[in-house]
Each structure stands twice: as C-alpha cells, then as structure tokens.
Amino acid sequence: LIGRSWGIDQSFPPYFKFGAATAAYQIEGGWNADGKGQNIWDRYVHEHPRDIRNNETGDVAADSYHQWREDVKAITQMGLQTYRFSISWARILPTGFTNEINKAGAKYYSDLIDTLLAEGIEPIVTLFHWDLPVKIQDLGGWTNPLIVKWFGDYARVVFTLYSDRVKTWLTINEPVAVCDYFYNIKPYPPRVLEPVHAPYLCNKYIMLAHATAYRIFEREFKPRCPGRISLANNVLWIEPLTPEDKALAELGRQYQTGRYSHMVFSERGGWPPSVEKLMLELSIKQGYSHSRLPAFTREEIEFMKGTADFYGINYYTTSLIRPARPGDKPGVWFINGSPELNATLEKPPGAYFGASPILPAVPEGIRKQMKWLKQQYGDIEIHITENGFSTIGYQLDDYDRADFIKEHLEQVLLSIKVDNVNVVGYTVWSLIDNFEWLDGYRTKFGLYEIDFEHPARTRTPRVSANYYACVNAARSLDIPDSCYNKNYAAH
Ligand code: PNW
C-alpha cells in the first residue's frame, strides 16, 4: 500500500518491535515496602516537599509495585512486543552495596519478567533511571570514581538474577540529564549545585560505569545467556539558528551527544576531539592547570570502546543554537544554553507544545538525529527507547498524543526506507501516567490514564492507546480512521 503522506510504503519491516516504557521511581510506589532501601528521590520528596508541584511524591505513584499485573494487561491489550522498565537499585540492594540482597525486591522483578514472557512480551531492562541509593550519593555519587566499581557490583547482581530471561539491557538512562542537568539546577536531587566540575566528573565516571557493566555482562554472562546491552542517550537534536552557526551546531551536538557516545561508539574512542580541545583551552584560560573535562587513560579508552550492541535514543525535541548575546541568562545545558560553548538554545518556530515547556514537538528532528548518528558512528542498530508527548489533567481523548506518535513514526519510516538507517524498535514514553519528577502528577505522558484518586490506581486506555494498538496490529501507519476510536484496545 502506498501511504497517504510522504509517498512511501507505510508498513514497518517484520523485525521492527513496538513497545512502551516506564521507570521505577515514576511508577512503582512501595517506597519502603518489604525491605526496600531509600534512594535520593525518596529522601528528596520527603525533605523538600515544596519543591514538587502540589507537594506530591512517588510514595505510591501508579502503585505498580502492587498493580504490575494491570501494567502487563495494558501491554497485552495493545499487543506490544516489548516493555521497557527500570530496576530500582535500592529495592534490590537496600544499602546500595552487595552486603544485603532484598529477596522481596528480587522476586518483584522476577515475577514481572516471568509474566511478561508468558504473555510473549520481551522485557527491556534499564539498570539505572535516576534513583541512586542515598548512601552512594552521600559518598559523592557519580562524581566519586569508586561508583564505577559499585555500579558494576550492582549490575552483576541484576545479571545474576535475570540474565537467563532478559535479553535486552540498558545500563543508564540519559547520562546527560544525570550529569549536565541535575548538577546545574538546585531543586533536583542530589541538590548539589556545582556546574563547574561535577558534570564533567560525572560524565567520565558514568560512562566508565556503563562500560564496566557491559564488560561484566560480556565476560561473565553472555557466553551462557546471550543478550544485548547498551545505554539510553537523550539526543536533543541541535540545528543552527543561522547559516553562520553551522560549526557551533556541530560542536553543540558533540557536546550533547558525543560526550556520551564517542568513547563507546566511535572507532577512535575517548572524548569527541572538538569538545576535548574546547574544554582544555577554556580551562587553561580560566586558570586551571588541567582540563575540567577529566582525561581518560589509554587503558580506559580501550576498555570503553565498543561497549554497546546497539544505540538507544530518547528523543523528545530539537533546539536551535546561536552565540550567546549580552543579557542571555547563563545556560543550563540542553535547556537554554551553555557557558562553555558561550551559546544559547532557542525553541524552533513551528514546534508545537504539549504540557511541557521544555519539550516542544519537532518530529523531523528524530530523523535528522538518526542520520547524524549513522554518519558519526557507522551503520549501528538503533532502538528508540523513549519518545512521548505530555498533556495536562484527566482526559481520554488525547488525539494530540496519537498525532505525535504518528508524526514521529512517519519520520522513523523515512529513516528506514529513505536514509537506510537500521532502526529496529520504538518504545513510547510512557505506558501509563506517572510521577513526572518535579512536575508531580500534573503532566501526563501515558497511553493509559491512571486514576490517582483511586486506591487501585485504575488504568484506562486513551485514544492514543487505541491508535497505537491499531498501528501495531497492522504493522503500518496506513490504518482506518476507526483506529482513532476509544475502546479499541479493550476489544
Ligand atoms: C526523560 N530534554 O527526560 C526521562 O527519561 C523520563 O524519566 C521523563 O519522564 C521524560 O523524559 C519526560 O520528561 C528528559 O530537555 C529530560 O530534551 C529532558 C529532556 C528530554 C527528556
């Protein structure tokens, strides 16, 4: 069939997998259930309730710790092939360290995995989606080099528990958010405002931690339990505001994506050369005797090279870059700019907004980003690990979310069929409404609505769930208008 738009065949290749994604702290609740330890989000929402919209917390969230069978039902109703979820480090290791393994926590994920597999759904498991155990944070978190070993120890426990059944792994969700965002604004755990050194120390050790988990998996588990492992990078796509800003835009991409990819995916390894040079020159000018971007040893460079079996991307938005002008606010990188690049980011005209002011929708960006990744790192397999649209308040008629998914999947088809990019899967953010970090429960991302007033946290499919189920059943975007009806998935 020839599709209605773009003049290309609207069907997805047989190997392409549709799925949906969530993260532990955002859905589970059960924050102190059955011996779970505390993580930085547990501590933060209790100690600084006013920082979060309506003083909300993830104490109960969507209650997936108890209602997970309802999550599996939703995935089954839509007929999805994959479910991406994350494991709470402190639920498995209450102290953060391996001295104590919480049996109830281990069983929780084991039951979830077994039930998914019984329903024919492939689990995609993230080891870390921002919920660091408090003890590890108090010892310096991602700025302490020892975290590389500690994360490896945690990863080994998880691989031991589940690698017989889980075949796709993601180590870290959006290291650029963990390092560049959370150390740049005070009201975000770990509540350490230190944008000068912390982002770069974190950048080095989080990537070494990723590589360590990969090597442990490769050596100790892969031979008996084959599987694939990578990380999920947030790939804000960056375009020049004017033709003069072309070089700056490329530097911006290296700064955003290269700093979390080059050491793993490039042939040469290490930091992206342009960023390494920039940071060294800048640091010397600022009076430091070394670059603020910590160097890798030869050994570390070799150790990290090739530590991914595919590329995971979380794509939400595109920004335009230009040189900073007097009066521009010092940037929080990838939200509005960067003092290092002396650059400011602007929202592209024509972008359309959901509930989030920082994530306007720009569907073409996902295709451009993937083309760039192929050109930078070769013909690597790409899995879209997050892509989603926010709305406000209770409403099931989310035609805008269905359109958002359609417009992005159109771009994915163009990537596959025109650019010959090897995109193998797509997981929508998010399966269900959840705790949207500082925005509490106001901002909704779910294909399924959660009734947060109801103790059972009832799940109800939105129009977007029906639409997505239909696309998945047809394996095509060329589907009847009736797919926009309510209650399709329930049938
Ligand atoms: C993602 N940006 O973070 C996270 O992985 C999810 O946990 C979160 O719920 C979701 O986005 C929606 O916010 C992002 O500025 C943070 O481009 C920032 C950006 C993108 C994604």
Side-chain angles (χ1 to χ4, degrees), residues 20-28 39-41 52-53 56 58 61-62 64 84-88 124 126-132 170-185 187-189 199 206 231-239 252-253 255-257 260 312-321 331-338 345-348 351 353-363 365-366 369 383-392 401 404 408 427-447 450:
T22 61
Y25 188 75
Q26 295 179 274
I27 65 162
E28 284 178 1
N39 63 52
I40 57 174
W41 276 91
I52 293 151
R53 192 178 291 276
E56 282 160 344
S64 289
R84 174 183 176 220
F85 63 91
S86 84
I87 290 185
S88 158
I124 299 176
T126 311
L127 296 180
F128 177 73
H129 199 123
W130 306 356
D131 44 358
L132 202 64
L170 296 161
T171 55
I172 315 269
N173 182 69
E174 296 189 4
V176 72
V178 178
C179 301
D180 286 60
Y181 193 20
F182 301 159
Y183 286 107
N184 250 292
I185 39 173
Y188 243 117
I206 210 166
L231 72 164
N233 268 319
N234 172 327
V235 292
L236 170 79
W237 176 243
I238 298 172
E239 297 247 314
R253 291 170 202 142
Y255 191 76
Q256 166 78 12
T257 304
Y260 297 91
I313 72 171
N314 293 359
Y315 176 80
Y316 285 87
T317 192
T318 291
S319 289
L320 306 180
I321 197 167
V332 176
W333 175 242
F334 83 82
I335 305 302
N336 54 21
S338 153
L345 297 174
E346 293 186 7
K347 304 283 167 246
F353 287 81
S356 164
I358 64 167
L359 301 174
V362 188
I366 197 170
Q369 177 74 48
H383 192 110
I384 298 156
T385 39
E386 279 181 37
N387 176 235
F389 187 72
S390 56
T391 52
I392 296 181
R401 180 172 289 108
F404 175 97
H408 285 78
T427 50
V428 172
W429 185 269
S430 179
L431 176 66
I432 51 177
D433 290 340
N434 56 54
F435 179 76
E436 177 52 20
W437 309 114
L438 298 191
D439 219 25
Y441 296 100
R442 170 178 168 270
T443 303
K444 319 279 187 189
F445 275 91
L447 295 166
I450 299 279

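Indexing begins at 1, ligand by ligand and atom by atom, following the structure's order.
- Using a 4.0 Å cut-off between charged nitrogen and carboxylate oxygen, E56 and R442 do not count as a salt-bridge pair.
- Counting the atoms of ligand 1 from 1 in the order shown, those under 4.0 Å from a heavy atom of N173 are 5 (O).
- Ring planes of W437 and W41: tilted class, angle from 30 to 60°.
- Side-chain atoms of Q256 and W237 include no donor-acceptor pair closer than 3.5 Å.
- Looking at ligand 1, you won't find any N or O of T317 less than 3.5 Å from one of its N or O atoms.
- Of all heavy-atom pairs between G388 and F404, the closest is O-CZ, 3.2 Å.
- In the candidate list Y25, F334, W333, Y316, F334 is nearest to atom 18 (C) of ligand 1, counting heavy atoms.
- If you look at W130 and F182, their ring centroids are closer than 6.0 Å.
- Checked by distance only, ligand 1 and W130 stay at 3.5 Å or farther apart across all their nitrogen or oxygen atoms.
- Among all protein heavy atoms, the one lying closest to atom 9 (O) of ligand 1 is E436 OE1, 2.7 Å.
- In this structure, F389 has its ring center at least 6.0 angstrom away from the ring center of F445.
- Closest approach of Y181 to I358, counting heavy atoms only: OH-CD1, 4.0 Å.
- Of the listed residues (I358, N387, L359), the one carrying the non-hydrogen atom nearest atom 2 (N) of ligand 1 is L359.
- Taking a cut-off of under 4.0 Å to the non-hydrogen atoms of W437, the atoms of ligand 1 that pass are 6 (C), 7 (O), 8 (C), 9 (O).
- For atom 14 (C) of ligand 1, the nearest non-hydrogen atom of the protein is E174 OE1, 3.3 Å.
- At least one N or O atom of H129 sits closer than 3.5 Å to an N or O atom of ligand 1.
- Using a 4.0 Å cut-off to heavy atoms of I335, the atoms of ligand 1 that qualify are 15 (O).
- The closest approach between a heavy atom of Y181 and any atom of ligand 1 is not below 4.0 Å.
- Protein heavy atom closest to atom 20 (C) of ligand 1, with residue, atom name and distance, is N234 ND2, 3.0 Å.
- Residue P348 comes nearest to L320 through the heavy atom pair CA-CD1, 3.8 Å, listed as atom of the first residue, atom of the second, then distance.
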